[in-house]
Amino acid sequence: MSNQKEFNWDDFDTKGFGEGYSKEKRAEMEALYEGTLNEITEKEVIKGTVVGINDKDIIINIGFKSDGLVPASEFRDVPDLKIGDEVEVFIEEQENSLGQLVLSRKKARMVRAWQDIEDALANDSVIEGLVKRRTKGGLIVDIYGVEAFLPGSQIDVKPIRDFDVYVGKKMEVKVVKINHTNDNVVVSHKVLIEKDLEKQKAEILNNLEKGQVLEGVIKNMTNFGVFIDLGGVDGLLHITDISWGRINHPEEVLNLDDKVQVVVLDFDDDKKRISLGMKQLTAHPWDALSAELEVGSRVKGKIVNVADYGAFLELAAGVEGLIHVSEMSWSQHLRNPADFVKVGDEIEAVVLTLDKDERKMSLGIKQLTEDPWTKGDMVTKYAVGTKHTGVVRNLTNFGLFLELEEGIDGLVHVSDLSWTKKIKHPSEFVKVGDELEVAVLELDVENRRLALGHKQLEENPWDTFESVFPVGSVHKCTVNSKNDKGAVLELPYGLEGFATSKNLEKEDGSQVEVGEALDFKVTEFSKDDKRIVLSHTATFKEEAKPAAAPKKAKKAAPAADATPAEKSTLGDIDALAELKEKMEGGKK
């Protein structure tokens, strides 16, 4: 036992790790060992080396007294990871409850990403990101593993209609805003384009000149033209400069985002308004017209526009001729061109005038048919005395124009409408569109004049009226109207007569009033002027005179006055009844 107490454990030699050292030696060795280890701080990113790999964990040596473990799932994006690779990790804990160093590659990447994003914002540097998906108002772009928002207005300098085309594609962006409160990042692709465009724009404007051909992209379309992006500079391609042919809207021949070639037509001093042309890049269609085309040629085309004065016929794209409304029909009464043609009609026409230098052409379609005035049967068909029925086309103060057939018109003077009625204006007798039967009074083929009459279809009743209304005969008349000069009277058979004011005095001294029916004596009859003048006063004044005359004269006077009137009235009653019936039938 005494020997055991005297045993010196410090001098005992063993092969165990760390044994065999004295306390002083051990302290010296520990101090030396501690000097080889890194001092680490929690919540920071540090580089480490992969020293072990298994199914669950990756063992990382960061130069600390113990190695750290990182779940293998955090290295899924590095399938070819191997021992010896250097990686960045985030120190979550130096020592957990199990005494282990806790590391995270995921958090290291996130911290590093935010540092890179902040550096990019500070340095205005360009970052390449991947467009992950579309969101309301823009796109979500992955930059350094952080989801950033790219507003639709910041995608391009031109309006973007379809965001989906960018999904899954890489895109260069710049960080324009960081919101640390919500960990939001806003990026822009437009700023990159604008910077390039500024240089391009300056170059375009400096070199801009009339006649220059440029390539551009259609960015907007309106009903009056197309706005084209020439590379930071916008120009207007007016609808009339798109095609030599007539188009109603640019969308008929162009599409948004199309790349097109245009020529500079004009620009203002500041070069802010640039006028472009497209059709000017091709030869004018007039230059390709056939040499055989001349006045009198027959051509075919399509109606592309109808106006009040005529219609435009397109023979080829950019080659049009005007068909004036007067050349659509032989009729002398101009009508609406829409009565003859409509847009889209394919018709034939005759060239009337042609000016290739001025690029103007007038056409006619009535020339495809024979002029009715030059037909061989014109003289016999419309000989004087022949009867025809036509349509009233126009009314004037002096008469009406009647169309007997297309191109053949005649004038019916207002005085040739009725034998008995005093017609001041044709509208009292007919209206436009009515059919009217007439007789030819005069034909002048050379001057294309045709005089017609309606009353001539019947015999002149005034030949009969001359015997019915002789001077001195008495008739029952109704006063239709009065004025300062006298009164208009309604006579039998629809005739009108007139009595002066002094002949309207009654036997009691009063005046005849409108609407009264009284006896009137004929004082004047004119067949040529169709005028009958009467007097009521003469009926009783003349009757008073014979009473003072001799007995012999008293007997003779009534007989002389009464017999002719009585004979003419009774003798012609049948003829007048027949005449009245004819007149009423004609009037109807």
Side-chain angles (χ1 to χ4, degrees), residues 204-205 207-231 233-268 271 273-307 309-324 327 341 343-365:
I204 291 173
L205 291 177
N207 299 324
L208 194 65
E209 58 184 28
K210 294 179 183 179
Q212 184 179 13
V213 178
L214 301 171
E215 186 177 75
V217 178
I218 297 174
K219 64 183 291 187
N220 193 20
M221 301 178 78
T222 68
N223 58 355
F224 60 84
V226 174
F227 288 96
I228 296 182
D229 181 2
L230 303 173
V233 181
D234 286 351
L236 174 62
L237 172 62
H238 196 270
I239 188 170
T240 57
D241 290 312
I242 294 176
S243 168
W244 290 115
R246 189 187 294 262
I247 58 175
N248 297 314
H249 197 282
E251 64 187 9
E252 294 177 15
V253 292
L254 299 173
N255 300 300
L256 285 171
D257 301 325
D258 278 356
K259 275 190 177 181
V260 292
Q261 278 199 326
V262 289
V263 60
V264 178
L265 302 180
D266 200 4
F267 50 82
D268 60 13
K271 298 182 180 178
R273 298 183 64 179
I274 304 172
S275 298
L276 306 172
M278 184 181 290
K279 69 182 184 181
Q280 289 80 2
L281 295 173
T282 58
H284 199 291
W286 272 86
D287 300 333
L289 284 178
S290 171
E292 297 178 358
L293 186 68
E294 58 185 14
V295 174
S297 299
R298 287 196 174 195
V299 294
K300 289 183 179 180
K302 182 173 71 174
I303 299 293
V304 291
N305 188 34
V306 178
Y309 52 86
F312 289 90
L313 187 72
E314 185 182 60
L315 310 185
V319 180
E320 295 179 5
L322 171 64
I323 307 173
H324 194 269
E327 303 299 341
V341 294
V343 173
D345 285 352
E346 294 188 1
I347 62 170
E348 193 174 17
V350 176
V351 178
L352 303 181
T353 64
L354 179 64
D355 188 338
K356 291 186 178 181
D357 294 332
E358 293 292 326
R359 293 169 177 166
K360 291 181 179 179
M361 183 190 314
S362 64
L363 307 170
I365 53 178

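Along the sequence shown, the residues carry numbers beginning at 1. Remember, predicted model here, so these are calculated numbers, not experimental data.
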A.B. asks: Do the side chains of Leu352 and Val295 get nearer than 4.5 Å, heavy atoms only?
C.D. replies: no
A.B. asks: Measure the spacing between CZ of Phe312 and CG of Leu322 and express it to the nearest 0.5 Å.
C.D. replies: 5.0 Å
A.B. asks: If I take atom OG1 from residue Thr222 and atom CD from residue Glu251, how far apart are they, to the nearest 0.5 angstrom?
C.D. replies: 10.5 Å
A.B. asks: Less than 4.5 Å apart, side chain to side chain, heavy atoms only: is that true for Val351 and Glu294?
C.D. replies: no
A.B. asks: So do the side chains of Val233 and Ile274 get within less than 4.5 Å of each other, counting heavy atoms only?
C.D. replies: yes
A.B. asks: Any idea which heavy atoms bring Pro285 and Ala317 closest together, and the distance?
C.D. replies: CG-O, 2.7 Å
A.B. asks: Would a 4.5 Å heavy-atom cut-off, applied to side chains only, mark Val263 and Gln212 as touching?
C.D. replies: no
A.B. asks: Side-chain contact test, heavy atoms from C-beta onward, threshold under 4.5 Å: evaluate it for Leu276 versus Leu236 and give yes or no.
C.D. replies: no
A.B. asks: Report, as yes or no, whether the 6.0 Å neighbourhood of atom OH on Tyr309 holds more than 12 heavy atoms from other residues, nucleotides or ligands.
C.D. replies: no
A.B. asks: Look up atom CH2 in Trp244 and atom CD in Glu314, then write down how far apart they are to the nearest 0.5 Å.
C.D. replies: 13.5 Å
A.B. asks: Under a 4.5 Å cut-off applied to non-hydrogen side-chain atoms, are Leu363 and Met361 in contact?
C.D. replies: yes
A.B. asks: Would you find more than 12 non-hydrogen atoms of other residues, nucleotides or ligands less than 6.0 Å from Lys356 atom NZ?
C.D. replies: yes
A.B. asks: Between Arg246 and Glu320, does any NZ, NE, NH1 or NH2 come within less than 4.0 Å of an OD or OE carboxylate oxygen?
C.D. replies: yes
A.B. asks: Identify the residue among Leu315, Val319, Ile347 that makes a side-chain contact (heavy atoms from CB on, under 4.5 Å) with Val299.
C.D. replies: Leu315
A.B. asks: Would you say the side chain of Val262 lies within less than 4.5 Å of the side chain of Ile228, judging by non-hydrogen atoms?
C.D. replies: yes
A.B. asks: Do you know the tightest heavy-atom contact between Leu256 and Met221?
C.D. replies: CD2-CG, 3.7 Å
A.B. asks: Taking the side chain as every heavy atom from C-beta outward, state whether Leu254 and Ile242 have any atom pair closer than 4.5 Å.
C.D. replies: yes
A.B. asks: Roughly how far, to the nearest 0.5 Å, is CG of Leu354 from CG of Leu289?
C.D. replies: 7.5 Å
A.B. asks: Just verifying a value: how many Å separate Glu327 CD and Ile365 CD1, rounded to the nearest 0.5 Å?
C.D. replies: 9.5 Å
A.B. asks: Thinking salt bridges, do Lys302 and Asp345 make one under a 4.0 Å N-O criterion?
C.D. replies: no
A.B. asks: Roughly how far, to the nearest 0.5 Å, is CD1 of Ile303 from CG of Leu313?
C.D. replies: 4.5 Å
A.B. asks: Within the side chain of Asp258, is there an N or O that forms a donor-acceptor pair under 3.5 Å with the backbone of Val260?
C.D. replies: no
